[in-house]
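As structure tokens, the structure follows; a few thoughts come after it.
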Amino acid sequence: MLVYLQCYADPSFFDTTLMPLEEVDSEFSYKALLLMPLRGSLLLSIIGLTLLLTVAFAAIATHRKGLWIVVIFGLWLLLLATLAIVRYAQIVVEKIMYGYKEPPPLSSSEFQLFTNLRATRIYVLLSILSLLGYYVIAPLGKAALLLYVSSITFAVPAMLAAIVIESSLSTALNPVRLAQIIYVLGNRYVSMFVFVVLSFIASSTVASLINLPFINVFAGLYGLFLLSCAVGRLVYISRVELGLNIKSQKDLRDLQDREYERTQDNNALQLALQTSRSAPVEAATELWRYHERTKTPVARKLACIEALQKWPEPMTALRFAQPLTKHLIDEGLNENAIEVVRWCLTTEQEFRLAEASTTYQLGMFAANNGQFKLAAFILQDMGTRYPDFQNATSAMFKVASIAGERLGHARLLQNAIKQLIHLGVTPDDSRIVGLTKTLKQLASGQRATAKEMPKPK
């Protein structure tokens, strides 16, 4: 009956999708916890189990009429449903503690006796506690019994958590371990316990006022699964404090996504490697198209350039670096762009960026951050390569300033002056006059000159 009920439920009304709690942590509240057993597959399971128990109790009640075959059927159905209830309560804890907003639908496997033998630990635990209370605590008086029952009731969530987390009955009977769990959870444990108890009292009170068998059973199951949801939720939000190495479903899904992305990137690199042997420029172009097409984040693009830099043939990496640098600058990651260009210039001194605005922005950024050699390398021929660029003159004045004042590089300064004149700055311009005087001083040996442009460091 339960299986059919869940199979034919309207999926648009009962959303059984397993969603990580991490996605709704910011909106989680006690109201959300209160409604958790009343949504989706869990609600369907409670309704189905309530129907089974209601039928079982009705069949057992026929013993007054002597219908023993029906009574036996009712007892069998009661055993089956009870095993499924206890096992499913454990499943709820397991799923919620791993970050699910709701557990999966109750399947037919939950009705298999062998599968549900795991749930017998709860019965063994309750039997041991009951015998201890009856034979040891009860003779001590009502006060002692009340204190015992209150303590056990307060420890039930910790016992359930211990059984599910460590899959051990001895842990649930270890008062030291239970005290450690409760101590670690602290106020969270107390508040969750009070909330569950008050919710159970409220639902039982409403059910008693209505006084219908189905409603009474439903209220009891609601309280049980509310406890399971609360324990699962408590373990999930306290997994760090409990020292649990629990990966939520979101973490696992992200891990799978990253593995898939690495596979895709590696495939693109392998394809580029085959092409680069005969056409490195085309290989770099197609590799960049792949990253643009799939909209890979910056981290994956940087991982790609790092892999290309290890290839014996550097041309693919050099050509890939051109669009990558522009992308990094557009994203405001100038430091990363500087590192990429530094490697390119160290590998090939004739390397140039393929776009005027990118060249200017990166060169000025390097100069403003004290990386003068690198700035000179980047900007040294902008006047020749991009004479129509609006900031070409500004860039060449910056190169001239660096060459004369920072590097003492006569050849670079002379080349900058030529480009400035080519850009339309007249030789009698006061700035050109000053630069020419500095050039003469360098040439006359008043400052050390470098025969070759030093490599950027």
Side-chain angles (χ1 to χ4, degrees), residues 30 33-34 36-37 46 49-50 53 57 78 81-83 85-90 92-93 96 119-166 168-211 213 215-235 238 241-242:
Y30 282 110
L33 179 60
L34 183 66
M36 194 175 290
I46 294 176
L49 292 169
T50 301
L53 287 177
F57 291 143
L78 178 62
T82 303
L83 287 172
I85 289 169
V86 176
R87 177 67 188 122
Y88 194 54
Q90 295 179 13
V92 170
V93 177
I96 299 298
T120 57
R121 289 172 296 180
I122 296 291
Y123 300 114
V124 173
L125 176 62
L126 293 177
S127 299
I128 294 174
L129 294 176
S130 299
L131 291 173
L132 179 64
Y134 184 78
Y135 288 105
V136 178
I137 307 300
L140 299 178
K142 293 183 178 180
L145 182 61
L146 179 61
L147 179 61
Y148 174 77
V149 173
S150 301
S151 301
I152 294 300
T153 304
F154 183 72
V156 164
M159 293 178 183
L160 182 57
I163 287 179
V164 174
I165 294 172
E166 303 185 16
S168 172
L169 179 63
S170 60
T171 303
L173 290 172
N174 186 345
V176 176
R177 178 56 177 156
L178 295 179
Q180 289 176 343
I181 293 175
I182 295 174
Y183 176 77
V184 169
L185 299 180
N187 292 333
R188 292 176 181 174
Y189 185 91
V190 176
S191 59
M192 283 286 189
F193 175 79
V194 172
F195 173 77
V196 171
V197 170
L198 293 178
S199 300
F200 179 74
I201 293 174
S203 62
S204 300
T205 302
V206 173
S208 62
L209 294 176
I210 299 175
N211 196 24
I215 300 298
N216 292 333
V217 176
F218 183 89
L221 291 180
Y222 167 80
L224 173 62
F225 287 109
L226 178 62
L227 173 63
S228 296
C229 292
V231 171
R233 173 64 179 168
L234 190 60
V235 172
S238 306
E241 293 88 337
L242 290 171

Flag side-chain contact, heavy atom, 4.5 Å: Pro157 against Phe193: yes
Worked check of side-chain contact (heavy atoms from CB on, under 4.5 Å) between Tyr189 and Val184: CA-CA 9 Å; Tyr189 185 91; Val184 169; over 6 Å; no
Derivation of the side-chain contact (heavy atoms from CB on, under 4.5 Å) call for Ile152 and Met159: CA-CA 9 Å; Ile152 294 300; Met159 293 178 183; 4.1 Å; yes
Which atom of Gly133 lies closest to which atom of Leu145, heavy atoms considered: O-CD1, 4.1 Å
Candidate pair Leu53 and Leu78, rule side-chain contact (heavy atoms from CB on, under 4.5 Å), full reasoning: CA-CA 6 Å; Leu53 287 177; Leu78 178 62; 3.6 Å; yes
Nearest non-hydrogen partners of Ala207 and Ala219, listed with the distance: CB-CB, 3.6 Å
Atom pair OG (Ser151) and CG (Leu129), whose distance is rounded to the nearest 0.5 Å: 11.5 Å
Point-to-point distance, once rounded to the nearest 0.5 Å, from CD1 of Ile182 to CG of Leu185: 8.0 Å
Asn216 versus Ser208, closest heavy-atom pair with distance: OD1-N, 4.0 Å
Atom pair CD1 (Ile128) and CG (Leu132), whose distance is rounded to the nearest 0.5 Å: 9.5 Å
Short side-chain to backbone donor-acceptor contact, Tyr148 and Ala138, under 3.5 Å: no
Spacing of CG belonging to Leu234 relative to SG belonging to Cys229, to within rounding of 0.5 Å: 12.5 Å
Stepwise side-chain contact (heavy atoms from CB on, under 4.5 Å) test for Phe200 and Leu224: CA-CA 8 Å; Phe200 179 74; Leu224 173 62; over 6 Å; no
Interatomic spacing from OG in Ser199 to CG in Leu227 - rounded to 0.5 Å: 11.0 Å
Side-chain heavy-atom pair Tyr222, Thr50 within 4.5 angstrom cut-off: no
Donor-acceptor contact present, side-chain Ser191 to main-chain Arg188, <3.5 Å: yes
Shortest non-hydrogen separation from Leu140 to Ala144 and the atoms involved: CB-CB, 3.7 Å
Closest heavy-atom pair and its distance - Ala81, Leu49: O-CD2, 4.3 Å
Option from Val92, Ile96, Leu226 for which side chain to side chain contact (heavy atoms under 4.5 Å, CB included) with Met36 holds: Ile96
